[in-house]
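Below: the structure, in structure tokens.
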Amino acid sequence: MKIRNVTHRGLRRLIEEDSAAGLPPATVPKLRRMLSFLQDMEREDELQTVPGWNAHRLTGDRKGVWSLTVTRNWRLTFRIDRDEGEVFDLDYEDYH
């Protein structure tokens with residue numbers, strides 16, 4: 001899937017410039033794997049094939065947002081436009 005937009009500046013820099021500035025160095029290899037997976041996947045149900053990422057959809061006021069575990073407190077969150085086959089509103093956030 002194509003990534004339409006990225007909210008987190010450090011994550012955007014990693015994608016566009018291959019620069020890890022603005023991201024914790026220990027998380028960069030995992031974030032690279034996650035981003036590659038998102039770009040290579042064809043359907044959203046593929047997200048649940050990686051058990052360590054704890055992929056799930058949020059509920060409540062964040063209904064429709066997917067969450068992937070990066071570290072204990074940090075998550076990669078995003079929405080999926082099924083019609084366009086795109087990931088959008090991609091963010092790296094302290095979730096708890």
Side-chain angles (χ1 to χ4, degrees):
M1 291 191 165
K2 178 183 175 192
I3 297 175
R4 184 186 310 168
N5 69 314
V6 182
T7 306
H8 189 275
R9 268 190 270 164
L11 195 57
R12 186 177 327 117
R13 198 172 305 125
L14 182 64
I15 294 168
E16 294 175 355
E17 303 170 17
D18 197 32
S19 169
L23 295 168
T27 65
V28 172
K30 187 171 186 179
L31 286 168
R32 286 184 198 278
R33 287 191 304 274
M34 290 176 148
L35 293 169
S36 291
F37 186 90
L38 290 175
Q39 291 173 326
D40 290 343
M41 75 178 190
E42 295 178 10
R43 297 178 326 274
E44 64 186 280
D45 61 346
E46 294 175 45
L47 288 168
Q48 296 175 330
T49 63
V50 186
W53 292 354
N54 190 27
H56 64 283
R57 286 187 203 144
L58 303 180
T59 58
D61 63 341
R62 308 258 338 247
K63 185 176 180 179
V65 175
W66 279 92
S67 173
L68 303 178
T69 300
V70 179
T71 64
R72 189 169 54 164
N73 286 349
W74 287 85
R75 304 291 185 269
L76 200 59
T77 59
F78 54 92
R79 295 181 180 275
I80 294 178
D81 182 337
R82 290 185 196 116
D83 295 332
E84 297 295 323
E86 294 179 335
V87 170
F88 66 102
D89 296 341
L90 183 62
D91 199 5
Y92 178 64
E93 58 185 293
D94 189 350
Y95 193 61
H96 293 102

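- Ring pair W74/Y92 is parallel by interplanar angle, where below 30° counts as parallel and above 60° as perpendicular.
- Rounding to the nearest 0.5 angstrom, the gap separating the CG atom in D94 from the CZ atom in R72 is 10.5 Å.
- Considering every non-hydrogen atom in both L38 and M41, the closest pair reads O-CG, 3.4 Å.
- Annotation for L23 and G10: closest pair CD1-O, 3.6 Å, computed over non-hydrogen atoms.
- Between atom CG of residue L90 and atom CD1 of residue I80 there is a gap of 10.5 Å, rounded to the nearest 0.5 Å.
- From I3, atom CD1 reaches atom CD1 of I15 across 4.0 Å, with rounding to the nearest 0.5 Å.
- Not one N or O on the side chain of Q48 forms a donor-acceptor pair closer than 3.5 Å with the backbone of D45.
- Within the 3.5 Å criterion, the main-chain N or O of N54 finds a donor-acceptor partner in the side chain of H56.
- Of the candidates R13, R32, R12, D18 forms a salt bridge (Lys or Arg N to Asp or Glu O under 4.0 Å) with just one, namely R32.
- Here the closest heavy-atom approach between residue F88 and residue N5 is recorded as CB-OD1, 3.2 Å.
- With rounding to the nearest 0.5 Å, the separation of CG in L11 from CG in D91 is 7.5 Å.
- Between R79 atom CZ and R4 atom CZ the span is 11.0 Å, to the nearest 0.5 Å.
- Considering every non-hydrogen atom in both T69 and K30, the closest pair reads O-NZ, 3.2 Å.
- Annotation: the span from M1 atom CE to L47 atom CG amounts to 8.0 Å, rounded to 0.5 Å.
- One hydrophobic cluster, built from ILVMFWY side chains closer than 4.5 Å, holds both V50 and V87.
- The minimum heavy-atom distance linking L76 with V70 is given by the pair N-CG2, 3.8 Å.
- Ring-plane geometry between F78 and W66 is classed as parallel, the angle between the planes falling under 30 degrees on a 0 to 90 degree scale with a further cut at 60.
- Of the listed residues (L68, V65, T7), just one forms a side-chain contact (heavy atoms from CB on, under 4.5 Å) with T77, and that residue is V65.
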